[in-house]
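Just so you know, these numbers use all the heavy atoms, side chains as well, and skip hydrogens, waters and symmetry mates. Just so it is clear, the model here is predicted, and its values are computed rather than measured.
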Amino acid sequence: MSVYITGIGHTPLGRHPELSVKQLTAQAVNLALADGGYALDDVQAAWFSNVRQGQMERQNSIRGQCALHAMGFSGIPVFNIENACASSSSGLFNAYLAIASGMFDTVLVVGTEKMFYPEKKTEMMNAFFGGTDIHLLKETWDFFCDLETDPEIRERLNSPGAWNTQSFFMDIYAAMARQHMRMYGTTQAQIACAAAKNHRHSTMNPLAQYQKDMSVQDVLESPEIAWPLTRAMCAPISDGAAAVVLSSERALTAGNRGRAIRIQGMGVSSTVHRDVLDMDQHCVSLAARRAYQMAGIAPEQIDVVEVHDASSFAEVLQIENLGLCARGQGGPHTEAGHTSLGGRTPVNVSGGLVSKGHPIAATGLVQMHELVMQLRHEAGARQVAGARIAVAENGGGFLKHEDAAAVVTVLSNKRD
């Protein structure tokens, strides 16, 4: 049975200490319901994603029930999905299966995140460690240290306590970037090209956290986080929420049928036991192959893409994993402009995580919002001309040498 996205909504992304999880949820859900022409009573089940509220507010176990009951939902099944940064795309996967099975006709998927707690800055930063195996923090750090060939960087990484810092994830991304540079000749300037492109794209997205154009030189001159990454190459702390309504073919209405976007394929994976140098066995490559096979497409058919650029190096890596360019060519491919709006296959025309924002559990559905807008041809100044097939890559957490979770989704504006 075909499954369609028939309603979308997401809040402006940024730091919103004045808004609660319940308030952010209500904003996004009401937008999605209005977009699809639905009332609360039309929703038969809901999937809710959040990562931080349990850690920061001690609201555990029934976060979705609390947020949705507060806005009037009554009696429906509510499922809480937590899967690091891939939480809401994982919720989408489960909701997709529920519709495809024939059990439900109209369901809701929500991702809501509050990351900014100005009165709890230490706890706010320490929460990131939960996105990897806390028992393997030092082992993971040592693995990347052993790959390092630059003596100055190696000395810093091996200094006492260096591994147990609040920039752990960006240090790991930086180590992965340096390994890619050694293996394939990728340059810092090429990584900066990905960041500058996304900062430029974000100026056309009124919901983006940052809407300031930055040149490659601006990105390179931004304060260093962990070489080769600068602040402009790293996703910010973000609050926000996004929601989508899914519908079966038989439940499409006259009002939303013309704007419904089909979920044509989904592929999900987790960390692969492999030789770390065999990048073709990366978990995102595996998820992409599964999604493309289900959708019956090849990478050459894709018109627009959203990838999980928690750091700009991640975009360089993930476009290779998605097959948009050859292995090791992510840097030159980006530098040549192929991923820019107007290029061969535009990537992150929303501004990406580094500029649009990264509200962890909401990020996957924020990507869906952008791609549905693109396939409806409603994206305004950032519209990709003639877009028919779109792909989202949403990674979550980090385990051993790669993402702990990966979800790749193929959307289409074509009917069966």
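- Looking at Asp35, its side chain never comes within 3.5 Å of a backbone N or O of Ala32 through a donor-acceptor pair.
- Here Leu229 contributes atom CG and Asp171 contributes atom CG; the two are 9.0 Å apart, rounded to the nearest 0.5 Å.
- Taking 4.5 Å as the limit, every side-chain heavy atom of Met233 sits out of range of all side-chain heavy atoms of Ser311.
- Applying the ring pair (Phe, Tyr, Trp, His ring centres under 6.0 Å) test between Phe79 and each of Phe48, Phe104, Trp47, Phe93 identifies Trp47 as the sole match.
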Before giving the answer on side chain to side chain donor-acceptor pair (under 3.5 Å), spell out for Arg63 and Asn50 the whole-Å C-alpha distance, their side-chain angles and the decisive distance to 0.1 Å.
CA-CA 8 Å; Arg63 283 169 265 176; Asn50 174 275; 3.1 Å; yes
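- Judged by distance alone, the side chains of Asn198 and Ser355 never bring a donor and an acceptor atom under 3.5 Å apart.
- A distance-only check finds no donor-acceptor pair linking the side chain of Asn413 to the backbone of Ile261 [under 3.5 Å].
- Taking the six-membered ring where the residue is Trp, His180 and Phe313 present perpendicular rings, their angle passing 60° and hence far from 30°.
- In this structure a side-chain-to-backbone donor-acceptor pair under 3.5 Å is missing from Ser340 to Gly343.
- With contacts defined as side-chain heavy-atom distances shorter than 4.5 Å, the pair Arg274/His282 qualifies.
- Of the possible polar contacts, one joining the Asp303 side chain to the Ile389 backbone as a donor-acceptor pair under 3.5 Å is found.
- Side chain to side chain, Ser238 and Gln209 meet the donor-acceptor criterion of an N or O pair below 3.5 Å.
- Listed for the Ser87 side chain is a donor-acceptor partner under 3.5 Å among the backbone atoms of Ala84.
- Other residues, nucleotides and ligands place more than 12 heavy atoms under 6.0 Å from the CZ atom of Arg327.
- At distances below 3.5 Å, not a single donor-acceptor pair connects side-chain atoms of Gln190 with backbone N or O atoms of Thr334.
- Taking 4.0 Å as the cut-off between side-chain N and carboxylate O, Arg344 and Glu300 do not count as a salt-bridged pair.
- Shown here for Gln65 and Val78, the closest heavy-atom pair between the two residues is NE2-O, 3.3 Å.
- For the atom pair CZ (Phe398) and OG1 (Thr271), the distance works out to 8.0 Å, reported to the nearest 0.5 Å.
- Atom NE2 of His377 sits about 8.0 Å away from atom CD of Gln374, to the nearest 0.5 Å.
- Results of the side chain to side chain donor-acceptor pair (under 3.5 Å) test with Thr363 over His308, Glu113, His358 single out His358 as the only residue that passes.
- Side-chain contact of Asp309 with Ser312: a donor-acceptor pair under 3.5 Å is absent, judged by distance alone.
- At a threshold of 4.0 Å, the pair Glu370-Arg382 counts as salt-bridged, since one of the basic side-chain nitrogens sits closer than that to a carboxylate oxygen.
- Here the straight-line distance linking atom CG of Asn256 with atom CD1 of Ile5 works out to 12.5 Å at 0.5 Å rounding.
- Here Glu249 pairs with Arg257 in a salt bridge; the nearest charged N to carboxylate O distance falls below 4.0 Å.
- Taking the centre and axis of the six-membered ring of Tyr4, the NZ or CZ atom of Arg259 falls outside the cone set by 45° and 6.0 Å.
- A donor-acceptor pair under 3.5 Å is absent between the side-chain atoms of Gln59 and the main chain of Gln53, judged by distance alone.
- Counted by atom type alone, Asn126 and Glu123 present zero donor-acceptor pairs between their side chains at under 3.5 Å.
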Tyr38 and Thr6: side chain to side chain donor-acceptor pair (under 3.5 Å), yes or no, with the steps?
CA-CA 10 Å; Tyr38 295 104; Thr6 51; 2.7 Å; yes
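- At least one donor-acceptor pair under 3.5 Å links the side chain of Glu320 to the backbone N or O of Gly330.
- Nearest heavy-atom pair across Tyr292 and Val391 is CE2-CG2, 4.2 Å.
- Side chains of Val408 and Arg289 form no contact here, defined as non-hydrogen atoms less than 4.5 Å apart.
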Can you check ring pair (Phe, Tyr, Trp, His ring centres under 6.0 Å) on His16 and Phe116, steps first, answer last?
CA-CA 7 Å; His16 302 299; Phe116 183 58; 9.5 Å; no
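- For the residue pair Glu306 and Ser350, a side-chain donor N or O sits within less than 3.5 Å of a side-chain acceptor on the partner.
- With hydrogens and angles ignored, the 3.5 Å screen pairs a side-chain donor or acceptor of Asn30 with a backbone N or O of Ala26.
- A donor atom on one side chain and an acceptor atom on the other are found under 3.5 Å apart for Glu315 and Asn348.
- Comment: Glu148 engages Arg182 in a salt bridge, judged by a side-chain N to carboxylate O separation of less than 4.0 angstrom.
- Ion pair Asp150/Arg154 not flagged as a salt bridge, since none of the NZ, NE, NH1 or NH2 atoms sits closer than 4.0 Å to an Asp/Glu carboxylate oxygen.
- Checking Ser202 against Asn205 by side-chain atom types alone, no donor-acceptor pair falls below 3.5 Å.
- Leu286 contributes atom CG, which lies 10.5 Å from atom CG of Asn321 (distance to the nearest 0.5 angstrom).
- Side chain of Glu224 to backbone of Thr230: no donor-acceptor contact under 3.5 angstrom is found.
- Between Leu353 and Ala310, the shortest heavy-atom contact is CD2-N, 3.8 Å.
- The two residues Ala406 and Val284 have their closest heavy-atom pair at CB-CG2, 3.8 Å.
- Cation-pi check for Lys114 over Tyr117 is met; the charged atom lies under 6.0 angstrom from the ring centroid and within 45 degrees of its normal.
- Heavy atoms only, all atoms of each residue included: Ile99 and Thr106 are closest at CD1-N, 3.8 Å.
- With no hydrogens or angles considered, no side-chain donor-acceptor pair links Arg290 and Gln293 at under 3.5 Å.
- Using a 30° and 60° split on the angle between ring planes, His199 and Tyr210 fall in the parallel class, below 30°.
- Other residues, nucleotides and ligands place more than 12 heavy atoms under 6.0 Å from the CE atom of Met183.
- How far OG of Ser248 is from CZ of Arg250: 5.0 Å, rounded to the nearest 0.5 Å.
- The environment of Arg231 atom CZ is sparse: at most 12 non-hydrogen atoms of other residues, nucleotides or ligands sit within 6.0 angstrom.
- The shortest non-hydrogen separation linking Pro359 to Met115 is CA-SD, 4.0 Å.
- Annotation: Lys212, atom NZ; neighbour count of heavy atoms from other residues, nucleotides and ligands within 6.0 Å does not exceed 12.
- One side chain, Thr25 or Thr112, offers a donor N or O that lies under 3.5 Å from an acceptor on the other.
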